[in-house]
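Here is how names work: the chains are called A, B, and so on, in the same order as the sequence lines, proteins then strands, and each is numbered from 1.
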Amino acid sequence: MAMKGSVEIDRERCKGCQLCTRACPTKVLGIDPEPNSWGYFPAKVIAADKCNSCGNCFVVCPDVAITVYRL
Amino acid sequence: MAEEIRLMKGNEAIGEAAVRAGCRAYFGYPITPQNELTAYMAKHMLAKGRIFIQAESEIAAINMVYGASSTGARAMTSSSSPGVSLKQEGISYLCGADLPAVIVNVARAGPGLGGISPGQGDYFQATRGGGHGDYYTIVLAPKGVQEAADLTYEAFSISEKWRVPVLVLADGLIGQMMEGVVFPEPIDPATLPRKDWAVGHVTEMHRPYNHVTSLNLEPDGLEAANRIRFERYGHIKEELVRYEEIDVDDADIVFVAYGTSARVCHGALEMARAAGMKVGLFRPITLWPFPSARLAGLAERGKRFLCVEMSMGQMVEDVRLAVNGKVPVYFYGRCGGNIPSQEEVFAEVKRLMAL
Amino acid sequence: MELAYKHPKSLKSIQTKYCPGCGHGVIHRIIAEVIDEMGLQNKAIITNPVGCSVWADLYFDFDSVQPAHGRTPAASTGIKRMLPDHLVICYQGDGDLAAIGTAEIIHAANRGEKFTTIFVNNAIYGMTGGQMAPTTLVGQHATTAPEGRDPILAGMGYPIRVCELLATLEGTKYLARGAVNNAVNTRKTKNYIRKAFEAQMRGEGFTMVEILSQCPTNWQMTSLESVEWLEKNMIAFYQLGEIKNTLSAPATAQAH
């Protein structure tokens, strides 16, 4: 049974570098059209059910703006 | 049983004094005329299981002192004029981070490669903060082997008390000559208290994490740090000024000289006194803090001053600042590694007496 | 629901001043993770060198020392020699290590100093706005190599492979090169760091991990372009992996 997970983005901490969107193998993450208070367009969960808690997003994130849970 | 008197070279006496003061780390680099000091530290620090490193440069050495001192350990480096020039940035960092340290300069003639004979041309560098920014180091100037040992021994505790680096400014003659010397009791570095501002031993010290740094990009923050440090400099000026006076009370002309020059003036003084001239000697021991108040007082009493240095005239400016125009301040100097003879100094003071 | 990946304890949870996509942030985190895993937060001391990572003392939640530019290995020598049972991390950028501090790193390595160097190689001077670094690639643009680095005609010299350079020194025991441009490389790099820290705590040295790191701002690219550029250009020149490993098997002996 495939691993299931969920991801939480701290949209204020995120600087919109988008590296997590590239790293995610199942395209769970996209770009939030709404900017945060810094004016960055933070990452956003766009396909929550596809997350397998692999943690790649967390691993590449330069700002530790992501928390990953295993369901 | 009184401590035995030993006949030792100045360089080696400085080394022995540092070892006895509980110096835990010494970082050196070869340069004449202080090589015996580095060799002495190699032998005796390693023998005691302490840290001795011959660094790749004087720059590396002073920055190794910076690292060792940031852990609260007693650390020292030594060099001679050109090498001390290389250490100036590191010394500025030590001051900016309020780190204690002992730096020994066995000065030689300059500028540039200059010569290896003694010189006093590093006075400005030593007393004005030779690196960038507003800061001072405490500068102690011995005139012989015993005093070189005593001041080096004391430099560690002075530096720790004020968290200001201490520069022991000797010269090639003091470093190379041999004199009788008695040493104080050795201190075991393990008995020295840890510092709450240092890095390391977080658990044992029950303290928050420490960040040793001189960086402060907020102008208000940096200004505040500088002003606090200058308050400390003010207290140092009140408490640490040291000088020696010989036959000053009834003197018409007072020699002002430190280190080797003061020894020569002492000889000239005796010749002058024998010739019925009232001459005295004022010898600053702390070049920073400079004994300005005392000199100003002597000037009030109408004494004239002849400043004698092994340079083209550097300390004379501090004498003039202290005297502030009240009385004439003459200068007599030799440089290039030449040491003035007492005869020529006596001739000069005789000439001035007639003015 | 179980927490799988969370913020390391040894790293403060505040927003850094680093640019979006900057590799320093990743490197800070994996260092802090290893320190947490080894339980060394109260025995760790890191340097925040002159360069972008001079801010590191705001982010690492343990002791730090800020040395003069390039003198980081000398200061780390002084620290480690006074605290041999502590974890001393000599964190440096490529200007600090391979330009002004070349003598210091070579001689610290040659003395087999027992701290661990974390050498962040982003092939550019970041803090000062994009000047050519000793590790800038041939043809790579910089404010001081406006037409691209030209080794001989413009006298700009060739990029320096530091691990390989230091490998010839007997004092070096472990030299690895990683990268943080993607998840796989970042995970491998974390392992190199753990291996180096464990070796240090066993009293073995000199250990160093060079880490290729993206600098979107000064490479004048987006973050996504920068990790691609790193992959295609830097990794091609700076071979990843353990360049030298003469460590003893991880014995259980504590650092003496």
[atom1]/[X]: more than 12 non-hydrogen atoms of other groups inside 6.0 Å:
X        : atom1 : answer
B:Ile116 : CD1   : no
C:Lys244 : NZ    : yes
B:Glu218 : CD    : no
C:Glu170 : CD    : no

- Task: May I ask you to decide if B:Val202's main-chain N or O and C:Asn42's side chain share a donor-acceptor pair within less than 3.5 Å?
- Result: no
For [X] and [Y], work out which heavy atoms get closest and say how close.
X        : Y        : result
B:Ser70  : C:Val65  : OG-CG2, 3.5 Å
B:Ala198 : C:Asp63  : O-OD2, 4.5 Å
C:Gln66  : B:Ser214 : OE1-OG, 4.4 Å

- For B:Arg24, side chain to side chain donor-acceptor pair (under 3.5 Å) partners two or more places apart: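 B:Arg24 satisfies side chain to side chain donor-acceptor pair (under 3.5 Å) with no other residue.
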Less than 4.5 Å apart, any side-chain heavy atom of [X] and any of [Y]?
X        : Y        : value
C:Ile46  : B:His211 : no
B:Val199 : C:Phe62  : no
C:Arg71  : B:Ile59  : yes
B:Ser57  : C:Glu104 : yes
C:Val54  : B:Leu215 : yes

- Message: Once rounded to the nearest 0.5 Å, what's the spacing between atom OH of B:Tyr66 and atom CD1 of C:Ile79?
- Response: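 The OH atom of B:Tyr66 sits 8.5 Å away from the CD1 atom of C:Ile79.
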- Message: Rounded at 0.5 Å granularity, tell me how far CZ in C:Arg81 sits from OG1 in B:Thr71.
- Response: 13.5 Å
- Pair C:Asp57-B:Tyr209, side-chain donor/acceptor within less than 3.5 Å: no
- Please state whether the side chain, the backbone, both or neither of B:Arg74 comes within less than 4.5 Å of a heavy atom of chain C. neither
- Check each atom of B:Ile62 against the heavy atoms of chain C and say whether the ones under 4.5 Å are side chain, backbone, both or neither. neither
- Task: Tell me, out of B:Glu56, B:Met64, B:His201, who's got the most heavy-atom pairs with chain C below 4.5 Å.
- Result: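 Counting heavy-atom pairs under 4.5 Å, the top option is B:Glu56.
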- Note on the structure: Most heavy-atom pairs under 4.5 Å with chain C, out of B:Thr203, B:Asn63, B:Val65, belong to B:Asn63
Contact part of [X] toward chain B, heavy-atom cut-off under 4.5 Å: side chain, backbone, both or neither?
X        : result
C:Ser76  : neither
C:Val88  : neither
C:Asn110 : neither

- Interface residue of largest heavy-atom contact number with chain B, from C:Lys43, C:Arg111, C:Lys80, under 4.5 Å: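 Result: the option with the highest number of such pairs is C:Arg111.
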- Max heavy-atom pair count under 4.5 Å with chain B, selected residue of C:Ala74, C:Ala75, C:Ser64: C:Ser64
